[in-house]
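Quick note on labels: first sequence line is chain A, next is B, and so on, each numbered from 1.
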Number of protein chains: 2
Amino acid sequence: MGNETRKRMLQTTLRLIQLRGLHGVSLNDILEESGSPRGSLYFHFPGGKEALVAEAMQSGIEEASQVLRECLASASHPADGVKAFFQAAAEEMTRSDYGFGCPVAPIILDSPHVSTKLAAACRAAIDEWTEMYREALLAGGLSFERAGRVANTITASLEGALIMARSHQDATLIVTVGDEVADLITLAVNR
Amino acid sequence: MGNETRKRMLQTTLRLIQLRGLHGVSLNDILEESGSPRGSLYFHFPGGKEALVAEAMQSGIEEASQVLRECLASASHPADGVKAFFQAAAEEMTRSDYGFGCPVAPIILDSPHVSTKLAAACRAAIDEWTEMYREALLAGGLSFERAGRVANTITASLEGALIMARSHQDATLIVTVGDEVADLITLAVNR
DNA sequence: CAAAATATGACGATCGGTCTATATACTATG
DNA sequence: CATAGTATATAGACCGATCGTCATATTTTG
């Protein structure tokens, strides 16, 4: 396929945005790092930078969703599934030398109302993840409302843990928080 | 004092960085919004943009620390103190129309290794807050180690809740997560 | 008044994202 | 096989924005 260049652009974009934030990455950076020629960008992404970023972010979101889905599916108790996902996040953090975190957080914090499309995609991603947690918790016996509240807490904890891990260059934090959250889930379910 | 301009610059900088991230704010933005002329910046802040940002962020950190200190001090149970702080954060969110969140998160996500000074200040702020939680939990009877783990979880939850609230334009999320975390604390302390 | 402190906006080198014009590869058809 | 036509890919010019500097006002202070 001829879209080798395209793929490289997307990967590099995702990587760099996670590293330096939405506004911290220039097209020049992306082009240089991905070794792509300048003019190719508007051929592959007629929508310009925003289109490129949107697609790159989307792929990051989908990957995260898939990992989460697997973690929850292959666990008998929701607490175990959540724990596994936090662990996976921690591994990804160390593997990338603290370059990768949440694919949407940098964009939420960088563009409140800059781009409605990007913001909507971020919102959808968060909703999707939270919904997965909720379903698992419902299956665990929690009430609909309580499951929603706990699910939000899980999402928030992970989001925050990723930031802290980045800041301290210490992926252990993610695992610690994950264990603590798993505890909360266990207590909530068995009551 | 002649530092009226200086103060305005700092406030505007803090505000804009929270709004659009570290790299999303240009000096022109700051100057225009604060109504200051270009050259004044390098008189008040010879260190340029980085010095300005560092000082602005520092003031944001100190304000947050003070509010947290008060919340924890004027509560008989650590869970209540934490709850109050989450509530205060939610109010600040609505008051600023989702402009203000955590003063350090946007910088952590925008500059991994861009500026060592900034990164160190962020780390120190997170440590300070976490330490405050830990002390309150110790006073509540938790073991030193467990207190640290729970403290990290609290910090992470708030950090994440702020992002979610921003993304969904819904400060309620912060309160919800706060209540859930307070629950976790209560359970942890009374065991 | 003299001197120090502060304010001002114009300047230029560099970098930002976008676009038009051009080149290359592939396909179809006589 | 030759040629025209189309899809794919590249190159580089364009112009506005950005940031730090500086020479020159203006205000404050001793």
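- For B:Ala136, the side-chain contact (heavy atoms from CB on, under 4.5 Å) partners two or more places apart in sequence, or in a different chain, are B:Leu72, B:Pro78.
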Heteroatom pairs (N/O) under 3.5 angstrom, protein to nucleotides 12-17 of chain C:
unit_1	atom_1	unit_2	atom_2	d
C:dG16	OP1	A:Ser26	OG	3.2
C:dG16	OP2	A:Asn28	ND2	2.4
C:dG17	OP1	A:Lys49	NZ	3.1
C:dG17	OP2	A:Leu27	N	2.7
C:dG17	N7	A:Arg38	NH2	2.8

Kindly determine whether B:Val150 and B:Val181 satisfy side-chain contact (heavy atoms from CB on, under 4.5 Å), including the steps that lead there.
-> CA-CA 9 Å; B:Val150 175; B:Val181 169; over 6 Å; no
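- The separation between B:Lys7 atom NZ and C:dT6 atom P is 14 Å, rounded to whole Å.
- Regarding B:Leu31, its CG atom lies at a distance of 15 Å from the P atom of D:dA17, rounded to whole Å.
- Per the geometry, CZ belonging to B:Phe43 stands 17 Å off P belonging to D:dA23, to the nearest Å.
- For the pair B:Phe45 CZ and D:dT21 P, the interatomic distance rounds to 16 Å; values are reported in whole Å.
- Atom NE2 in A:His23 sits roughly 14 Å away from atom C1' in D:dA17 (whole-Å rounding).
- When the side-chain nitrogen and oxygen atoms of A:Ser40 are compared with OP1 and OP2 of D:dA11, none of them lie within a distance under 4.0 Å.
- Other members of the cluster containing B:Leu184 are A:Leu184, with ILVMFWY side chains joined at under 4.5 Å, either directly or via other members.
- Under the rule for a side-chain contact (heavy atoms from CB on, under 4.5 Å), the partners of B:Ala64 that lie at least two apart in sequence or sit in another chain are B:Trp129.
- Rounded to an integer number of Å, the gap from CG of B:Leu41 to P of C:dT6 is 15 Å.
- In this structure, B:Gly39 reaches the bases: a heavy-atom distance under 4.0 Å links it to at least one base atom across the strands shown.
- Straight-line distance from the CZ atom of A:Arg6 to the P atom of D:dT10: 14 Å, rounded to whole Å.
- Applying the salt bridge (Lys or Arg N to Asp or Glu O under 4.0 Å) definition to pairs two or more places apart or across chains, none involves residues 59-80 of chain B.
- By the side chain to side chain donor-acceptor pair (under 3.5 Å) test, A:Arg38 pairs with A:Asn28, sequence neighbours left out.
- Listed pair B:His44 / C:dA7 meets the phosphate criterion, a side-chain N or O lying under 4.0 Å from OP1 or OP2.
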